[in-house]
Number of protein chains: 2
Amino acid sequence: MLSVNSIESKPAASMIERVSMILDVFSPEEPVLTGGEIARRAGLSRATVARILSELAKHDFVDRVQSGYQIGIRCFELGQMAQQPKDLRRLALATMFDLRQATCLTVQLGVLEGNDVVYIEILRGQYRDLTIPSRVGGRVPCYATAGGKALLAHSPNQVVEDLLNGQLEKIGPNTITDPQELRAELELARREGIAYEREESHAGLACAASPILRGDGTAVAAISITAPVGVVEMRLVGPAVHAATLGLNRQTAAAPHWAKL
Amino acid sequence: MLSVNSIESKPAASMIERVSMILDVFSPEEPVLTGGEIARRAGLSRATVARILSELAKHDFVDRVQSGYQIGIRCFELGQMAQQPKDLRRLALATMFDLRQATCLTVQLGVLEGNDVVYIEILRGQYRDLTIPSRVGGRVPCYATAGGKALLAHSPNQVVEDLLNGQLEKIGPNTITDPQELRAELELARREGIAYEREESHAGLACAASPILRGDGTAVAAISITAPVGVVEMRLVGPAVHAATLGLNRQTAAAPHWAKL
DNA sequence: TTGCGTGTCCCACTTAGTGAGACAGAATGC
DNA sequence: GCATTCTGTCTCACTAAGTGGGACACGCAA
């Protein structure tokens, strides 16, 4: 006993949690990592990580390459089988194309996962040269994006409270880190049906978003429009996004098939 | 003690193996399954499956929906992060477009995973109406497809032997199930650089494939062309596929960057 | 050479996972 | 209407599976 309990509070992780921690340290920027590096970032012992990795590799969840490990083909395969993205794409894609045609801006479809927004689909607009850093399968803290705020505004209170109880890290020039301010922002988004963002997730970018809702009023996904600040007045395109999602909400209400989302 | 050890030989699965078994029972045809159904198909106890599923759901690897469970958004996310498919696509996509333009047929890119071929990318040709059942992320037993045979023909002996020692199930009208015959077929594919298939994986479909090779001569992936039987003589398009992959092989040899594949 | 990093292996400790079974609630069928 | 058969959840005693510290050989760079 008296293990190195000094800093970490020994979270008593389940096996699956450990696997999750390991897979979590991979990122598009650093797709290939060495065992030791993974252990360090995941906060696990090297031996444990090595064993889990070799086990994961045995089932192709990760690949062994010369310089370390990377996400394996099996994850790709499972990813293609995920239904939610498929269903949401089918539901929203036509509307998203309409929106892009109308605005010539980048249109994004995202869902809430934990405290992040994960992008399901992205239609690039003009200003392709401008680096709009979102990426299909990528994640951004929800409180810092228009899409995330639209989703939060129509999520159960518990979700919002859990988020507010945590740390709101500043990731962009205008990121809202004050819980009260964020609460007000969400209230506004709920009332208007539109959430806005101006350089809160990334310098130079503005965004407007509206939620796709279930029958009970909670959000399944959000459609957002992104553009460089100054190029277009977001207050003008916001209503277009809102109108588009209202149409989708009518669809989901009419066809209970979508209710399962 | 004296558990139901009658049929199964109690493989003493590791945790990750159990997770793999659970995720394995999902398929595009049945994307949503109930806990009991999963337990039955995976051969695990209901309690165990329920616990693992709830654990997986906690981390969004699976979703809970009204009628059961489905692959979750986290898998989608990880799938987008898998490097191998990305790299291979980047490498092969231009060539694949050329091939489709030249032949007007469906062009597929696949890799070997275990005893199956997993499709990384598919460019649909004309005959769209015809159901060519392959799907990005989908898998087919390798010994029954041209792509799989092309990959096997340039794989380490051990891989081939392991496959031949197993059961070669008949999945199409002409599936080769005799180890000797398959061995000869692979020998031929190795010599010619092209593998053919005629209704071995699916009734009504023919296929020709060539491997993309590493520096050491082992295969990374295979490009294959598929068409309904009778529409086109595969012996005529085979050389086109071969020529295309030879070009790619020259690329990989020249740029050691690709060697890591 | 020394040092640092990698992956692998070993082993005593114990925690975390197991599966049978009991349970309530929801669908389904007769 | 009741009966059946699912579903997911929970408890519990048992133990095997997983843990992490540490030692090891190897490869690379200073």
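So that the names make sense, note that chain A is the first sequence line, chain B the second, and so on, each numbered from 1.
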Inset, instruction - Could you tell me the separation between the CD atom of B/Q66 and the P atom of D/dG8, rounded to a whole number of Å? - result: 13 Å
With a 3.5 Å cut-off and sequence neighbours excluded, list the donor-acceptor pairs that the side chains of residues 26-33 of chain B form with protein atoms.
residue, atom, partner, partner atom, Å
B/S27, OG, B/E30, N, 3.2
B/E30, OE1, B/R41, NH1, 3.0
B/E30, OE2, B/R41, NH2, 3.0

Legend entry - Residue whose closest nucleotide on DNA chain C lies nearer the 5' end, A/I16 versus A/G35: A/G35
Legend entry - Proximity to the side chain of B/R51 - top-ranked nucleotide from C/dG19, C/dT6, D/dG18: C/dG19
Inset, instruction - Tell me which of A/M15 and A/L33 sits closer to the 5' end of DNA chain C, going by the nucleotide each one is nearest to. - result: A/L33
Legend entry - A/S45 side chain near D/dG21 phosphate (N/O to OP1/OP2, under 4.0 Å): no
Legend entry - A/E17 CD - D/dT19 P separation (whole Å): 12 Å
Legend entry - Five-pair end axes of the helix from C/dT1-D/dA30 to C/dG29-D/dC2, angle between them (10°): 50°
Inset, instruction - Say whether A/Q158 and A/D162, considering side chains only, have a donor N or O and an acceptor N or O under 3.5 Å apart. - result: yes
Inset, instruction - Applying salt bridge (charged side-chain N to carboxylate O under 4.0 Å, His left out), name anything that partners B/R64, two or more places apart in sequence or on another chain. - result: none
Legend entry - Length of the CZ-C1' vector between A/R41 and C/dG5, whole Å: 15 Å
Legend entry - B/L53 CG - C/dT18 C1' separation (whole Å): 15 Å
Inset, instruction - Could you check how far CD1 of A/I52 sits from P of C/dT8, rounded to whole Å? - result: 14 Å
Identify every side-chain donor-acceptor pair in residues 48-56 of chain A under 3.5 Å, counting partners at least two apart or on other chains, and give the distances.
residue, atom, partner, partner atom, Å
A/T48, OG1, A/S45, OG, 3.0
A/S54, OG, A/R51, O, 3.1
A/E55, OE2, B/S14, OG, 2.9

Legend entry - A/D60: salt bridge (charged side-chain N to carboxylate O under 4.0 Å, His left out) partners, not counting sequence neighbours: none
Inset, instruction - Check the distance between C/dT18's P and B/L44's CG and give it to me in whole angstrom. - result: 8 Å
Legend entry - Cationic N near anionic O, under 4.0 Å, A/E77 to B/R135: no
Inset, instruction - In sequence, state the C-alpha distance, the side-chain angles, and the governing distance for A/R183 and A/E161, and then conclude on salt bridge (charged side-chain N to carboxylate O under 4.0 Å, His left out). - result: CA-CA 10 Å; A/R183 226 185 285 265; A/E161 290 309 317; 2.8 Å; yes
Legend entry - Integer-rounded Å distance: C/dT6 C1' and A/R40 CZ: 11 Å
Inset, instruction - List for me each residue that meets side-chain contact (heavy atoms from CB on, under 4.5 Å) alongside A/V140, sequence neighbours excluded, and say none if there are none. - result: A/Y119, A/T145, A/I171, A/S201
Legend entry - By salt bridge (charged side-chain N to carboxylate O under 4.0 Å, His left out) - contacts of A/R89 (at least two apart): A/E121
Legend entry - Separation of C/dG17 C1' from B/M21 CE (nearest whole Å): 13 Å
Legend entry - Among C/dG7, D/dT9, C/dA16, the nucleotide that comes nearest once only the side chain of B/A50 is considered: D/dT9
Legend entry - From C/dG19, C/dG17, D/dT7, nucleotide with atom closest to B/T34 side chain: D/dT7
Inset, instruction - Could you tell me which residues satisfy salt bridge (charged side-chain N to carboxylate O under 4.0 Å, His left out) with B/D24, sequence neighbours excluded, listed by chain and number? - result: A/R74
Legend entry - Below 4.0 Å: OP1/OP2 of D/dT9 and any side-chain N or O of B/R64: yes
Inset, instruction - Would you indicate what A/E55 reaches in the nucleic acid, counting non-hydrogen atoms under 4.0 angstrom: base, sugar-phosphate, or nothing? - result: nothing
Legend entry - Letter per nucleotide, 5' to 3', of nucleotides 22-30 of chain D [B base touched, S only sugar-phosphate touched, - untouched; heavy atoms, 4.0 Å]: -B-------
